[in-house]
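The structure appears below as structure tokens.
Below, chain A is the first sequence line, B the second, and so on; all start at residue 1.
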Amino acid sequence: MTVNVVLPLPLDQAYTYRVPEALVGAAQAGARVLVPFRNRRLTGIIVGEGPAAETLDFDVKAVLDVLDDVPVCTEGLLDLTKWIADYYVCPWGEALKAVLPAGTTVETEHRLTRTDAAPDAWADHEVGRTVLEDLAAHGETTLAAVRKRVGPAVPLALIRRMAADDVVAVETTLSDERVAPKTETHLRFAPAFQHKDAPDDLIEQLRGNKQRAVVRALAGFRAEGTPEPRRTDVMERADASYSTVRSLVEKGMLELVEKEVMRSPLDDLPAPDPPPDHDLLPAQQDALDAVTDAVDAHRYGTFLLHGITGSGKTEVYIRALQAVRARGRTGIILVPEIALTPQTVQRFRAHFGDEIAVLHSQMNMGERYDAWRRLRTGEAAIAIGPRSAVLAPLEDLGLIVVDEEHEASYKQFDPAPRYHARDVAVMRAHRADAVCILGSATPSLESTMNARWGKYERLELPERVPDASGKTAALPDVRVLDLALQRKKHQLDGALADPLREAIRTRVDRGEQTILLQNRRGYAPVLECEDCGWAPECQSCSVSLTLHRHDGGEQLRCHYCGYAARVPRQCPECGGRDIHQIGTGTQRVEAELEEVVPDATILRMDRDTTREKHGHHDLLRRFENGADILLGTQMIAKGLDFSRVTLVGVVDADVGLLFPDFRAEERTFQLLTQVAGRAGRTRELAGEVILQTRNPDHMALRYAQEHDYEGFAEEALAERRELGYPPFGHVATVEFRGPDEDRVERLAENWTEQLRQHAGPAGVMGPEPAFIQRVKKQHRYRTLLKVRGGSPGPLQTALRRTRDAHGAPPNGYHVAVDVDTQDVL
DNA sequence: AGCACGCCGACT
DNA sequence: GTCGGCGTGCTC
């Protein structure tokens, strides 16, 4: 018997392996296998039965091992990844890799050790010397680890030659699976001592006090209904050490049992309160009925749930999911970024408890693996998480919810597959005869058009949900502050104009809360020499360094690679001492607020303050407990619901408009509408929103001010239609990356040239240097592809043909194909 | 991807 | 002559 195996490499083909007699039973489609491949060993996935070995004109190698008894990949997921590979023009192996939890692949590994031999011969070999230095600094490591630190250009051949010289030792082994079920040791009486009176007999027979205490403790646990308690619990109760337990085990009286436990990072978060049950609004009920009808009919359908902020979308998701669970089927909830939507996640946990497996971007490998395993074994029936949760290993899927479906974070970029989780969700639901709900207050223009074209069914929630007293909060008043005008009136000194300052002051005095959005972190985004215009740039990226303040000190930091530098006192170009701080980040706003409202409690929430595991959670809890102001980047704009927030301020509404991206105004409109929705959720306290801008007439601001989604969509769609941009066409980009600028450019020219020949009806623009030309010392070029009409087929065909014709780029150079690009930069 | 092979220029 | 750069082709 043979099987076809797909490997997690950018190879567009399956390889056939013979299955030894002993492994035939386990070798099912979807299972991981360890296979020989050239001169290494890799973990691959069986995708199906292969042709008979005799019919093949090459030597068929044998599978070395089957690594799963239950296949990691269900039949449905196998198909889905094939679709992803076809649609997003990526190798099947890369798409398959996305469904495997991290750390579950085994492969050949080269372990390196430095020997005592004097490395004289390698002192002037540059790479060789660097490797030896790295080895000296890190002790024993693997070749992969060395490459990660030193750079990819460390050939195995070089290591072999160094080994021949005896300056290093190489051992080639298989890596361990880096994740495994976590076990705990439990304790029980040995079979001969399990009868009721055994403990008393034992206590009589034993001499040591500690040993008796252990037996007594274990008997106590048994009496409480825990016949196999954790070893550590017994030791603690008996105040005994492990050696006491061990001697009892050696005497054959007790036994140790290894039990699997699940690591769950949410255990240390407080369990949410059970929610009050209340009636749905008519619109919510209608939406729910439409969804449950489809669920009942076991029929595919995608519903675009367009509900204004505060209209109770989550309640509809929850009830729909209850209906699905009542029929014994499973569900997936996608949220844009789980750390940012703790309130949504907690509401699901309150309703579904242990049925939910939360997949969290801040979870470690073991925790993710456990969550994944609970889903795979059916122990959990609902997955909630960010985009990768769309590939959760669930069977008999009934519902996929995509919350805030317009969010750009649903598009994966690096590594491949570059899929859009919303579109994969629709496709997965379709193949599973399941229902998909796309929810948003500001749907993407794509989804709005798909609803108009009848591909999705549109459901509207036009009203906010009333509170317990029956009052409904009105949408907040939105005031646009023209900064140019403010300056003229001498009402602008710093980042916050006087009217916004006054509004904040009033809220603090009244004990109400304020949310302030400034979509840039750090203190000042740019420094500039007043005399010659010099501005500090990152040495690895073509971006200016951002000034950060911390504990009284200052530092320059690159937001792309993390490079940090000291703040120059003097311009290195002209020696000038007048170095100005230009622009405003969250830290600078924070400093200004401390002067404006010195008595207020201010919480700053951005990537710098939420780095720790429960950072978001802690900050939000402190805000809930009554801080005055929550200031932050766009992470504060989503899904937060605090009843005492009566003011939302946007320090600079124009930040997103500066990007040369056809989606810039859509993004800005969405962000402003979302953040405005955080205000006035209290029923008795009216909300106010203040937007500061230098473009008061910009359409995105105008429509956000009026809460006019339809108006915005009309105008934006007309423009997209004219230009043939999505949803009236498709775009794809090809990004070229590598260490040498000229070579990247040549590669890009070459590739694009061939692409033009295969383009057919598609338009090819470029190549040109990327918006940010250099990131982490990699130069970047970019080519844009565009086609009118509903099908991305011509783009995909052109990309596939070009990739096949062009072959692999040179070592160290990358060609990244991205279909349905979100950031066209 | 990662590696071997094989081709060229510049050094002992 | 050979070391090491880089393009090319292959992995069941």
Side-chain angles (χ1 to χ4, degrees), chain A residues 1-20 23 27 33-66 85 90-98 100 105-110 121-122 124-131 142-148 150-165 170 172 174-175 414-417 737-740 742-744 746-747 750-751 803-817:
Chain A
M1 181 207 179
T2 66
V3 284
N4 285 332
V5 173
V6 168
L7 299 160
L9 300 175
L11 300 171
D12 231 359
Q13 114 188 239
Y15 291 83
T16 305
Y17 290 88
R18 197 163 44 73
V19 182
L23 297 176
V33 281
L34 185 65
V35 292
F37 192 66
R38 176 78 67 100
N39 44 13
R40 37 187 186 151
R41 294 167 175 205
L42 293 172
T43 300
I45 303 279
I46 299 178
V47 295
E49 200 166 321
E54 310 84 71
T55 64
L56 299 170
D57 55 359
F58 50 80
D59 276 343
V60 180
K61 292 186 182 172
V63 167
L64 298 168
D65 202 0
V66 179
C90 79
W92 195 3
E94 283 188 334
L96 264 171
K97 208 157 110 183
L100 300 185
T105 53
V106 182
E107 57 186 58
T108 309
E109 172 179 277
H110 305 281
W122 296 90
D124 42 65
H125 187 287
E126 201 186 316
V127 180
R129 196 186 54 228
T130 329
V131 169
T142 62
L143 180 54
V146 172
R147 279 179 181 158
K148 212 167 195 176
V150 174
V154 182
L156 182 58
L158 173 75
I159 301 295
R160 292 239 165 88
R161 277 187 287 132
M162 291 170 75
D165 250 17
V170 198
T172 303
L174 273 184
S175 68
D414 267 333
R737 271 182 307 215
D740 182 82
D742 290 342
R743 279 187 74 175
V744 174
R746 251 188 300 142
L747 172 66
N750 238 305
W751 222 92
R803 203 189 47 192
D804 293 346
H806 190 278
N811 243 335
Y813 291 78
H814 266 270
V815 177
V817 169

Who pairs with A/His806 by side chain to side chain contact (heavy atoms under 4.5 Å, CB included), at least two apart in sequence or on another chain? A/Leu747, A/Asn750, A/Trp751, A/Gln754
Does a nitrogen or oxygen in the side chain of A/Tyr17 sit under 4.0 Å from OP1 or OP2 of C/dC12? yes
Please list all pairs passing the salt bridge (Lys or Arg N to Asp or Glu O under 4.0 Å) test where one or both residues lie in residues 805-815 of chain A, with sequence neighbours left out. none
Under the side-chain contact (heavy atoms from CB on, under 4.5 Å) test against A/Val33, which residue among A/Ile45, A/Leu23, A/Ile46, A/Val19 passes? A/Ile46
Could you state the atom-to-atom distance from CG of A/Asn39 to C1' of C/dC12 in whole Å? 14 Å
Go through the structure and list residues passing side chain to side chain contact (heavy atoms under 4.5 Å, CB included) with A/Asp414, not counting sequence neighbours. A/Arg418, A/Arg737
Atom pair distance, as rounded to whole Å: CG in A/Asp804 and P in C/dC10: 15 Å
If you take all heavy atoms of A/Gly812 and A/Pro739, which pair is closest and at what distance? O-CD, 3.5 Å
Counting only non-hydrogen atoms, which of residues 2-14 of chain A are less than 4.0 Å from DNA chain C? A/Leu11, A/Gln13
Sequence-distant partners of A/Leu64, side chain to side chain contact (heavy atoms under 4.5 Å, CB included), two or more places apart: A/Leu34, A/Pro36, A/Arg41
With a 4.0 Å heavy-atom cut-off, tell me which residues in residues 53-61 of chain A come close to DNA chain C, sorted by residue number. A/Phe58, A/Asp59, A/Val60, A/Lys61
Start and end of chain A contact along DNA chain B [non-hydrogen atoms, under 4.0 Å]: B/dA1 to B/dA4
Atom CZ of A/Arg40 and atom C1' of C/dC12: how far apart are they, to the nearest Å? 14 Å
Using the 3.5 Å cut-off, write out each protein N or O paired with an N or O of nucleotides 4-6 of chain C and the distance between them.
| unit_1 | atom_1 | unit_2 | atom_2 | d |
| --- | --- | --- | --- | --- |
| C/dG4 | OP2 | A/Arg161 | NH1 | 2.9 |

May I have the list of side-chain donor-acceptor pairs in residues 1-14 of chain A shorter than 3.5 Å, sequence neighbours left out?
| unit_1 | atom_1 | unit_2 | atom_2 | d |
| --- | --- | --- | --- | --- |
| A/Thr2 | OG1 | A/Gly50 | O | 3.0 |
| A/Thr2 | OG1 | A/Pro51 | O | 2.6 |
| A/Asn4 | OD1 | A/Thr16 | OG1 | 2.9 |
| A/Asp12 | OD2 | A/Arg803 | NH2 | 2.8 |
| A/Gln13 | NE2 | A/Tyr15 | OH | 3.2 |

Classify the nucleic acid contact of A/Phe37 as base, sugar-phosphate or nothing, counting any heavy atom under 4.0 Å across all strands shown. base
A/Trp92 atom CH2 is separated from C/dT11 atom P, nearest whole Å, by 20 Å
Who are the side chain to side chain contact (heavy atoms under 4.5 Å, CB included) partners of A/Asp740, not counting sequence neighbours? A/Asp742, A/Arg743, A/Tyr813
Tell me every residue that passes salt bridge (Lys or Arg N to Asp or Glu O under 4.0 Å) with A/Asp804, counting only those two or more places apart in sequence or in another chain. none
